[in-house]
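To start, the structure under review is shown below, and the notes come after it.
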Amino acid sequence: MNHTKKPDITGCITLGQLNHAIRPLKITSEGLAAYGFEPATTYMGAKYYRAALAAQAKQGGA
């Protein structure tokens with residue numbers, strides 16, 4: 001049984017939430033990494049990014 005403590009994800013969004021924010025566009029974690037955006041943390045397979053990334057993506061750049 002895995003008892004990994006949940007990381008502090010305050011101020012973070014999942015990749016799915018980011019894609020929802022920029023729809024109809026869509027990006028993968030590999031695509032984000034190609035632009036220098038790495039997840040702040042990963043928990044149970046979900047990648048969490050800083051919420052400020054969504055605002056940057058909506059404005060069209062970093």
Side-chain angles (χ1 to χ4, degrees):
M1 189 173 233
N2 187 353
H3 294 286
T4 304
K5 182 180 175 189
K6 185 174 182 178
D8 180 13
I9 56 170
T10 304
C12 292
I13 59 172
T14 65
L15 182 59
Q17 290 169 319
L18 175 62
N19 276 316
H20 183 77
I22 64 170
R23 69 182 187 279
L25 302 175
K26 186 174 182 179
I27 193 158
T28 64
S29 58
E30 292 84 7
L32 286 171
Y35 286 100
F37 296 107
E38 295 296 331
T41 192
T42 302
Y43 179 67
M44 296 182 66
K47 294 180 181 186
Y48 291 86
Y49 295 86
R50 298 284 173 222
L53 178 59
Q56 291 175 338
K58 283 183 174 182
Q59 293 174 359

Validation row: Thr42, Tyr48 side chains within 4.5 angstrom (heavy atoms): no
Atom of Leu15, atom of Ser29 and distance for their closest heavy-atom approach: CD2-N, 3.6 Å
Separation between OG1 of Thr41 and CZ of Arg50, rounded to the nearest 0.5 Å: 8.5 Å
Leu25-Leu32 co-clustered via ILVMFWY side chain contacts under 4.5 Å: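 Yes, Leu25 and Leu32 fall within the same hydrophobic cluster.
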Tyr43 and Ile9: CA distance, side-chain angles, deciding distance, side chain to side chain contact (heavy atoms under 4.5 Å, CB included) verdict: CA-CA 9 Å; Tyr43 179 67; Ile9 56 170; 5.6 Å; no
